[in-house]
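The chains referred to below are lettered A, B, ... by the order of the sequence lines, with proteins before strands, and numbering in each begins at 1. The model shown is predicted, which means the values in this text are computed figures rather than measured ones.
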Amino acid sequence: MRPTVYINDLSKHVGEEVTLKGWLYNKRSSGKIKFLILRDGTGYVQCVVFKGNVSDNIFESAEKITQESSFEVTGKIREEKRAVGGYELDATDVKIIGLAHEYPITPKEHGIEFLIDNRHLWVRSKRQVAILKIRARVVKAIRDFFDERGFILFDPPIITPNACEGTSTLFEMEYFDLGKAYLTQSGQLYAESGAMALGKVYTFGPTFRAEKSKTRRHLTEFWMVEPEMAFYDLDDDMDLAEEFIEYIVQTVLRDRAEELKELERDTSKLEKVVRPFPRISYSDAVEILKKKGVDFQWGNDLGGADETIIGEEFDRPVMIHRYPSEVKAFYMKRDPENPKVALAVDVIAPEGYGEIIGGSQREDNLDYLLERIQEHDLPQQFFEWYLDLRRFGTVPHAGFGLGLERTVSWICGLEHLREAIPFPRMIYRNTP
RNA sequence: UCCGCGGUAGCUCAAUGGCAGAGCAUGCGGCUGUUAACCGCAGGGUUGUAGGUUCGAGCCCUACCCGCGGAGCCA
């Protein structure tokens with residue numbers, strides 16, 4: 001039943017007769033010759049049906065097959081410069097498997113809303129296939145990067161009893177007799193526990209935010225990878241972050257060049273993503289904004305527009321460190337040399353793609369951490385286990401979180417984050 | 001929650017307050033090398049909903065519904 005030959009293996013079958021199975025991407029015809037573009041998920045190949053070469057029945061099948069109908073086609077493979085992909089199949093047999101009736105996504109342009117309504121079909125289109133292949137490669141690059149460097153995968157729970165950072169609005173549920181529970185917004189606190197057990201760990205999974213964000217940079221469900229390392233300080237954290245980003249981008253450039261071309265991505269901009277990345281302090285960033293005429297007060301958090309302005313100053317991702325501790329999470333360690341700032345770092349992607357990494361050195365002192373929890377008005381009883389990590393052999397440690405969809409979006413040069421995940425979840429949409 | 005924009009054929013969009021249209025898709029016909037093929041013909045409409053102004057409303061006014069993008073928040 002399963003196909004014996006896939007389109008991306010055609011170069012090994014030149015001169016042979018093969019049977020391919022897939023769907024009709026598009027059809028063009030000219031009287032007694034028909035061109036059927038078959039796609040099978042691995043590629044596209046043009047199948048030529050000449051009236052003289054096949055029976056009337058088979059020619060009729062080629063005649064009535066519609067866009068996105070599934071079919072199998074048999075014929076000899078030869079090299080052909082005129083055809084997309086460089087190979088062509090001279091059909092001797094065409095069998096329709098499932099005839100499609102009025103496939104809604106036509107070769108002409110569609111609005112994003114309509115396409116999202118038909119996301120289950122939209123994933124078949126060339127552009128979406130390219131994006132999804134790049135996403136899968138980014139995921140593998142992430143795993144390879146950490147696995148090769150001695151990190152251990154450490155899976156945090158998705159259902160949590162409290163808001164990890166106490167800030168974001170979370171999805172809430174009734175958890176049996178135990179009261180309210182929430183979908184996780186980050187695996188980080190749990191990763192810290194893992195780092196104390198295994199040294200270097202990373203978590204990788206979906207996270208959830210119930211914020212009513214309606215922008216092209218937000219999803220309510222998105223994937224995040226969060227490494228956490230014992231005995232790392234902020235500088236070590238930044239070293240790792242830039243090596244990590246360089247690795248992901250260079251891997252995709254090497255292994256997914258064809259897909260980037262399909263997306264018409266300007267790869268010269270990605271080629272520049274090599275270490276070292278510029279590192280500036282928050283205070284330096286404020287100076288840049290002021291020089292650019294932005295009315296900005298030291299102490300405020302950087303907004304999306306501010307990040308874009310700073311990002312445009314550099315041709316590679318920029319690391320902004322030492323933010324005012326007031327705007328950052330309770331677990332971030334304060335700079336011993338300046339308690340007004342936290343040992344935090346955000347990595348801003350170029351070309352206006354914004355924050356792709358947020359990280360910090362964690363507060364490892366029990367008393368300071370207790371103060372932070374009180375200042376942030378957090379329920380201490382939920383954090384006792386987290387405080388135990390400071391009670392029993394505390395060490396300096398650091399980590400960061402990288403947003404998968406924002407990274408894919410930047411590498412692919414997408415207009416909107418929702419193309420970077422198979423089934424995006426947004427504030428007013430949970431279908432299909 | 002606030003601000004801005006939008007809703008017309010299956011899809012993308014036109015239409016000065018005066019006969020509701022085009023391209024794509026679909027159906028039929030033509031074409032032996034097409035590259036979002038092309039050429040001809042045909043079917044396809046409660047103009048988001050409700051009300052109002054007007055001789056006449058897709059267009060102007062009011063309310064509502066839905067969507068989009070931005071702010072805030074964040075990856």
Side-chain angles (χ1 to χ4, degrees), chain A residues 25-37 44 46-53 59 63-64 66-68 80-85 88 90 100-118 121-122 125-127 163-170 184-188 204 206-226 241 300-308 327-329 346-349 353-359 400-410 415-418 420-421 426-429:
Chain A
Y25 189 75
N26 199 0
K27 175 175 72 171
R28 289 178 283 271
S29 70
S30 183
K32 299 191 173 54
I33 182 170
K34 303 210 174 288
F35 301 96
L36 309 180
I37 315 296
Y44 303 82
Q46 178 159 279
C47 307
V48 187
V49 188
F50 271 109
K51 188 158 185 152
N53 290 2
F59 194 76
E63 174 91 42
K64 77 177 186 193
T66 53
Q67 190 191 359
E68 285 306 320
E80 172 59 70
K81 285 193 204 103
R82 288 172 291 185
V84 177
E88 199 167 67
D90 284 317
H101 182 63
E102 298 209 25
Y103 186 71
I105 301 173
T106 68
K108 278 271 181 166
E109 284 180 29
H110 297 279
I112 189 86
E113 197 184 335
F114 174 79
L115 290 168
I116 285 278
D117 281 340
N118 290 284
L121 302 175
W122 188 24
S125 69
K126 257 185 186 167
R127 180 183 163 80
C164 278
E165 305 179 14
T167 51
S168 294
T169 314
L170 304 189
T184 184
Q185 65 164 330
S186 162
Q188 186 217 306
F204 194 11
T207 52
F208 308 86
R209 307 276 165 95
E211 297 286 348
K212 293 196 172 183
S213 299
K214 291 180 62 177
T215 83
R216 70 181 76 189
R217 297 188 310 280
H218 290 87
L219 297 169
T220 56
E221 177 183 325
F222 64 97
W223 283 62
M224 186 154 67
V225 55
E226 296 175 283
N300 293 339
D301 204 358
L302 300 172
D306 305 321
E307 288 177 350
T308 301
V327 301
K328 287 295 180 184
D346 282 358
V347 181
I348 310 301
Y353 281 91
E355 184 184 346
I356 52 171
I357 278 184
F400 61 81
L402 172 130
L404 176 63
E405 287 77 15
R406 283 193 183 171
T407 303
V408 171
S409 195
W410 161 50
E415 280 291 304
H416 198 299
L417 208 53
R418 63 191 144 188
I421 187 168
M426 291 166 296
I427 166 167
Y428 291 128
R429 173 183 294 281

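Nucleotide B:rU1 is matched to B:rA71 when pairs are restricted to Watson-Crick or G-U wobble geometry with both distances under 3.5 angstrom. Across every strand in view, B:rA9 sits unpaired, with no contact that passes the Watson-Crick or G-U test at under 3.5 angstrom. Across the strands present, B:rU47 finds no partner; the criterion is a Watson-Crick or G-U wobble pair with both atom distances under 3.5 angstrom. B:rA57 is unpaired under the criterion used here, namely a Watson-Crick or G-U wobble arrangement in which both key atom distances are under 3.5 Å. The partner of B:rG33 is absent, by the rule that a Watson-Crick or G-U pair needs both atom distances under 3.5 Å. Under the Watson-Crick and G-U wobble criteria, each requiring two contacts below 3.5 Å, nucleotide B:rC41 is paired to B:rG27.
Residue contacts shown for A:Glu88 include a base, since a base heavy atom lies under 4.0 Å away. Nucleic acid contact for A:Thr207: none, since no nucleic acid atom lies under 4.0 Å from a heavy atom of the residue. When heavy atoms are screened at a 4.0 angstrom cut-off, A:Arg217 is found touching base atoms of the nucleic acid. Counting any heavy atom pair closer than 4.0 Å across all strands shown, A:Phe114 reaches sugar-phosphate atoms only and no base atom. If you check every strand for non-hydrogen atoms under 4.0 Å, A:Asp301 touches sugar and phosphate atoms only. No engagement by A:Leu402 is indicated, since no non-hydrogen atom pair under 4.0 Å with the nucleic acid exists. Within the 4.0 angstrom heavy-atom criterion, no nucleotide atom of any strand lies near A:Leu404.
Regarding A:Phe208, its CZ atom lies at a distance of 18 Å from the C1' atom of B:rC73, rounded to whole Å. In this structure, CD of A:Gln188 is placed 10 Å from P of B:rA75, rounded to the nearest angstrom. A:Met426 places its CE atom 6 Å from the P atom of B:rC68, with the value rounded to the nearest Å. A:Lys64 places its NZ atom 15 Å from the P atom of B:rU26, with the value rounded to the nearest Å. In this structure, A:Glu80 atom CD and B:rU34 atom P are separated by 11 Å, rounded to whole Å. As a whole-Å value, the separation of A:Leu115 CG from B:rG10 P is 17 Å. What separates CD of A:Glu307 from P of B:rC73 is a distance of 11 Å, to the nearest Å. What separates CD of A:Gln46 from P of B:rA37 is a distance of 11 Å, to the nearest Å.
Across B:rG33, B:rA36, B:rA75, the shortest atom-to-atom separation from the side chain of A:Arg82 is found for B:rG33. For A:Arg209, counting side-chain heavy atoms from C-beta on, the closest listed nucleotide (B:rA71, B:rA75, B:rU32) is B:rA75. Nearest to the side-chain atoms of A:His218 among the listed nucleotides B:rG33, B:rA75, B:rU35 stands B:rA75. Minimum atom distance to the side chain of A:Ile33 is reached by B:rG33, of the listed B:rG33, B:rA37, B:rG27. For A:Asn26, the listed nucleotide lying nearest its side chain is B:rA36; candidates were B:rU34, B:rC74, B:rA36. Closest contact between the side chain of A:Lys32 and the listed nucleotides B:rG27, B:rC31, B:rA75 involves B:rC31.
Distance noted for atom P between B:rC24 and B:rC39: 7 Å (whole Å). Between B:rC28 and B:rG43, the distance separating the two C1' atoms is 11 Å to the nearest Å. Separation of the P atoms belonging to B:rA9 and B:rU34 is 36 Å when rounded to the nearest angstrom. Taking the C1' atom of each, B:rU8 and B:rG21 are spaced 10 Å apart, rounded to whole Å. For the P atoms, the distance linking B:rA37 with B:rA63 amounts to 47 Å, nearest Å. For the C1' atom pair drawn from B:rA57 and B:rC19, the interatomic distance equals 15 Å after rounding to whole Å. Between B:rA15 and B:rG23, the distance separating the two C1' atoms is 15 Å to the nearest Å. B:rG45 and B:rG33 have their C1' atoms separated by 40 Å, with the value rounded to a whole Å.
Side-chain contact between A:Lys32 and A:Phe50: absent, with no pair of heavy atoms (C-beta onward) separated by less than 4.5 Å. With a 4.5 Å cut-off on side-chain heavy atoms, A:Phe35 and A:Val48 count as touching. Put simply, the side chain of A:Asp90 does not reach to within 4.5 Å of the side chain of A:Asn53, judged on heavy atoms. A:Asp346 places a side-chain heavy atom less than 4.5 Å from the side chain of A:Lys328. A heavy-atom distance below 4.5 Å is not found between the side chains of A:Gln67 and A:Asn26.
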Practice problem: Give the C-alpha distance, both sets of side-chain angles, the deciding distance and a yes or no for side-chain contact (heavy atoms from CB on, under 4.5 Å) between A:Leu170 and A:Phe208. | Solution: CA-CA 7 Å; A:Leu170 304 189; A:Phe208 308 86; over 6 Å; no
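Nearest-nucleotide positions on RNA chain B place A:Gln67 closer to the 5' end than the other of A:Val48 and A:Gln67. Each of A:Val327 and A:His416 was matched to the nucleotide of RNA chain B holding its nearest heavy atom; the match closer to the 5' end belongs to A:His416.
Remark: ring of A:Phe222 stacked against base of B:rA75; centroid gap under 5.5 Å, plane tilt under 30°.
Side chain of A:Arg217 to main chain of A:Arg406: no donor-acceptor pair is present (N/O by atom type, distance under 3.5 Å, no hydrogens or angles).
The phosphate of B:rA37 (OP1 or OP2) has a side-chain N or O of A:Arg28 nearer than 4.0 angstrom.
With sequence neighbours excluded, no residue satisfies side-chain hydrogen bond (donor to acceptor under 3.5 Å, both in side chains) with A:Glu355.
You won't find any donor-acceptor pair under 3.5 Å spanning the side chain of A:Arg216 and the base of B:rC68, going by distance alone.
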